[in-house]
2 protein chains.
Amino acid sequence: MARATVHDLANAAGVSLATIDRVLNRRGGVRPATIEKVEQAMARLNYRRDLAAAMLAKQREYQLVFLIPTGVNTFMRNLATEVARLADLNAAERVSIRVIEVPPFDDDTLALALNGLEGTPLTGVAVVATDNALVRQAIDRLSVRGVPVVTLVSDVPGSRRAHFVGIDNSAAGRTAASLMGRFLNGRKGRIAILAGSMLLRDHAERHFGFERVLRTEYPELAALPVIEGRDNAAVAEEVLGALLDAHSDIIGLYSLGAGNRGVIAALRKRGLGQKICVIAHELTDHSREALIEGTFDAILNQDPGHEARSAMRVLRALTDGQPIDPGQERIRIDIYLRDNLP
Amino acid sequence: MARATVHDLANAAGVSLATIDRVLNRRGGVRPATIEKVEQAMARLNYRRDLAAAMLAKQREYQLVFLIPTGVNTFMRNLATEVARLADLNAAERVSIRVIEVPPFDDDTLALALNGLEGTPLTGVAVVATDNALVRQAIDRLSVRGVPVVTLVSDVPGSRRAHFVGIDNSAAGRTAASLMGRFLNGRKGRIAILAGSMLLRDHAERHFGFERVLRTEYPELAALPVIEGRDNAAVAEEVLGALLDAHSDIIGLYSLGAGNRGVIAALRKRGLGQKICVIAHELTDHSREALIEGTFDAILNQDPGHEARSAMRVLRALTDGQPIDPGQERIRIDIYLRDNLP
DNA sequence: CTGAAAGCGCTTACAG
DNA sequence: CTGAAAGCGCTTACAG
């Protein structure tokens, strides 16, 4: 027998379609006895709602905005590309996505961009946020207005954002330290740490996790103070180069931000590619090549495609009042060696 | 202005709805000139079809069957659980999923189960297959009948299966060897290899990848002949125990199949938990615990939730004639250390 | 608190 | 090769 519809339910319960709908969607204003009748009919007929029909009747449109920092940062560019693909693939499901590019490392402009969303029709926002009071306030304002906000890649824990789409960055740092410790396996020496900016929460958390494991589990490895490359290849090459020149006892490098091209250049120029154990973040064309030929020893990665899809799914579920599947939305820390490269 | 519908298209092109539908879905039987008119209207109005409406009108039902080996194998149990969850979550999207449990390591019964599907209404099959002629024939028979088949976890490359949902098992083996080689870092000794059965293609491929990297890149490590634990804890404990007793120079173990409980027991009983470098497969309650307390050094994992979802998506796309997103459907080899455990 | 009727944007026989 | 009409299973004003 075919699956039951609202009509079957209405017949079985002896009520109208409107009442069925009220019970189904818990709209209230229905006598308890009537609710009871409907629920019994649902159970008896094994009723399962048809989502496609509901979507059609509701005429719901999802208007999503993604705020992503611009610049030469390959990872962010890949993320923007994935979001654009997503927009294309989901136009048929009534979701339209707008990408707004914002300058990196600029709290004020980001807050302004968030606040500027006020006028537009909007059902959800995903933002690669900086953890700043103005930004937090802008996120809270949207949330209070009823627009769900998810943070992407880097979280703002104090805010009212509904969800964070990204990896556990402390865990990533800890993982980097474990790999480094095991790969170096008892050797003594200094470890360089290159971040983009310690004002970025994701970078700060990676650093925290890394240092923690290094100091407690691998005391033979001494971390140098973090240097900052501003997620920019040229800057990264310069600051890292200076550090390498100043310390001849560096045996490991944790590059926890962007700017891999600069890292690779600094190492190659000094012939240190194979000598220093290097763990870097984000799989890009450059980092992949460095991994294959041995300049990098491991790459920790977050998949921008997964993050884009997850943000969209979560934002949709949030506006539909649907549950979120934590297993599906957990963004994993991919570990790439030369052998499991995709 | 609201998005264009088929009605707008019909008006703009001066044709009927039926003709619009014929062009949209390339059903043929339309004059080229008419097609042209419609396509121009589509472009002019920026038409995007509404999937929910199409689904509703088509009344498409997806009837999927998943064939999964039974037994005490925790990974397979988890996989079956994930498939059941999926069935529940997607009932509202007109997909119904039936799980059929089959005995493990039994080609004939599996082929019989596949052939027995003939009668039932069916739009797709996912099967954890063995690579055997009878099974291959059964898969081909279904495919030829127009029922798309995807292989799950272990592939059958010679068959007409439409897609494989699982990890690259050779890459997994290579990754295990690399981790082992780097963790052992120059030490000399023997490496034990425990499989479930070398008749399983996924196990054979892991073994191949592992040996390949071990012999070419870590000649100081000598692999012992593979032993088989039948993916059963008791058998695994026994055969591994015997091997450990016979060779005192084993410094590494690659457990590439199931039966982790037996592996853990064999190691603990001999006080070898911390002394031998162990790489195992699949994150389960037991393997997780072994990783945390140091008996295992790394776990390679495939996510059963992802595999179940991916199989469903692929099967749906196949019956709808929709494209598959390779990035989304690639099942990754998760590497877990104690530090990035979920 | 409840119901009758129209409508969402497609697809599907059926007729011509 | 083309079209008019009904229908898919919901939701939504509106009326009472």
Side-chain angles (χ1 to χ4, degrees), chain A residues 1-39 41-42 45-62 90-96 319-322, chain B residues 1-39 41-42 45-62 90-96 319-322:
Chain A
M1 120 238 98
R3 47 192 284 167
T5 72
V6 277
H7 289 96
D8 303 325
L9 241 40
N11 285 338
V15 299
S16 73
L17 286 182
T19 297
I20 295 293
D21 187 67
R22 287 184 191 106
V23 176
L24 248 42
N25 295 291
R26 308 176 201 296
R27 297 191 208 289
V30 184
R31 232 187 317 160
T34 314
I35 296 186
E36 179 64 13
K37 274 194 297 182
V38 173
E39 283 177 342
M42 285 173 57
L45 303 184
N46 186 27
Y47 174 77
R48 304 305 226 126
R49 90 201 283 232
D50 183 322
L51 212 78
M55 289 292 287
L56 176 57
K58 272 207 275 257
Q59 293 189 81
R60 203 197 278 303
E61 302 265 352
Y62 305 91
N90 290 275
E93 307 206 41
R94 297 171 160 268
V95 358
S96 78
T319 90
D320 290 344
Q322 292 288 308
Chain B
M1 121 234 96
R3 48 192 286 166
T5 71
V6 277
H7 290 97
D8 303 325
L9 239 42
N11 286 337
V15 298
S16 73
L17 286 182
T19 297
I20 295 294
D21 186 68
R22 289 184 189 104
V23 176
L24 248 42
N25 295 292
R26 308 178 200 297
R27 296 190 209 289
V30 184
R31 233 187 318 162
T34 313
I35 295 186
E36 178 64 13
K37 275 194 299 184
V38 173
E39 283 178 342
M42 283 173 58
L45 302 184
N46 185 29
Y47 174 78
R48 304 303 225 127
R49 92 200 282 233
D50 183 321
L51 212 79
M55 289 291 288
L56 176 58
K58 272 207 276 259
Q59 295 191 78
R60 202 196 279 303
E61 302 264 352
Y62 305 92
N90 289 276
E93 307 204 43
R94 296 170 160 272
V95 356
S96 77
T319 89
D320 290 344
Q322 292 288 309

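Residue numbers begin at 1 in each chain, while the letters A, B, ... track the order of the sequences.
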Exercise for the section: Send over the distance from Lys37(B) NZ to dG3(D) P, rounded to a whole Å. Expected result: 8 Å
Exercise for the section: Under 4.0 Å between any heavy atoms, over every strand shown, what does Arg49(A) touch: base, sugar-phosphate, or nothing? Just pick one. Expected result: sugar-phosphate
Handout entry: Given DNA chain D, 5'-ward residue of the pair Gly14(B) and Leu56(B), judged by closest heavy atom
Key = Gly14(B)
Practice task
Would you indicate what Ala18(A) reaches in the nucleic acid, counting non-hydrogen atoms under 4.0 angstrom: base, sugar-phosphate, or nothing?
Solution key: base
Exercise for the section: Please report, rounded to the nearest Å, how far the P atom of dT12(D) is from the CZ atom of Arg60(A). Expected result: 8 Å
Exercise for the section: Compare side-chain N and O positions of Ser16(B) against OP1 and OP2 of dT2(D) and report whether any pair is under 4.0 Å apart. Expected result: no
Practice task
Classify the nucleic acid contact of Arg94(A) as base, sugar-phosphate or nothing, counting any heavy atom under 4.0 Å across all strands shown.
Solution key: sugar-phosphate
Practice task
Answer yes or no: side-chain N or O of Arg48(B) and base N or O of dG9(C) forming a donor-acceptor pair under 3.5 Å.
Solution key: no
Exercise for the section: Quick one: label Val6(B) by what it contacts on the DNA or RNA (base, sugar-phosphate, nothing), any heavy atom closer than 4.0 Å. Expected result: base
Handout entry: Distance, rounded to the nearest Å, where Met55(B) contributes CE and dT12(C) contributes C1'
Key = 16 Å
Practice task
Would you indicate, yes or no, if dG9(D) has its OP1 or OP2 atom less than 4.0 angstrom from a side-chain nitrogen or oxygen of Gln59(B)?
Solution key: yes
Exercise for the section: Walk me through it: do Val6(B) and Asp21(B) pass the test side chain to side chain contact (heavy atoms under 4.5 Å, CB included)? Expected result: CA-CA 8 Å; Val6(B) 277; Asp21(B) 186 68; over 6 Å; no
Practice task
Pick base, sugar-phosphate or nothing for Asp50(B), based on heavy-atom distances below 4.0 Å to the nucleic acid.
Solution key: sugar-phosphate
Problem - Below 4.0 Å: OP1/OP2 of dT12(D) and any side-chain N or O of Arg27(A) - result: yes
Practice task
State whether the distance check finds a donor on one side and an acceptor on the other, under 3.5 Å, for side chain Arg3(A) versus base dG9(D).
Solution key: no
Practice task
Could you tell me whether the phosphate oxygens of dT2(D), OP1 or OP2, come under 4.0 Å of any side-chain nitrogen or oxygen in Arg31(B)?
Solution key: yes
Fill in the blank from the handout: Taken to the nearest whole Å, CG/Asn25(A) to P/dC10(D) is 10 Å
Exercise for the section: Grab the CG-C1' distance between Leu17(A) and dG7(C) for me, whole Å please. Expected result: 13 Å
Handout entry: Which nucleotide in dG3(C), dT12(C), dC10(D) has an atom nearest any side-chain atom of Asp21(B)
Key = dT12(C)
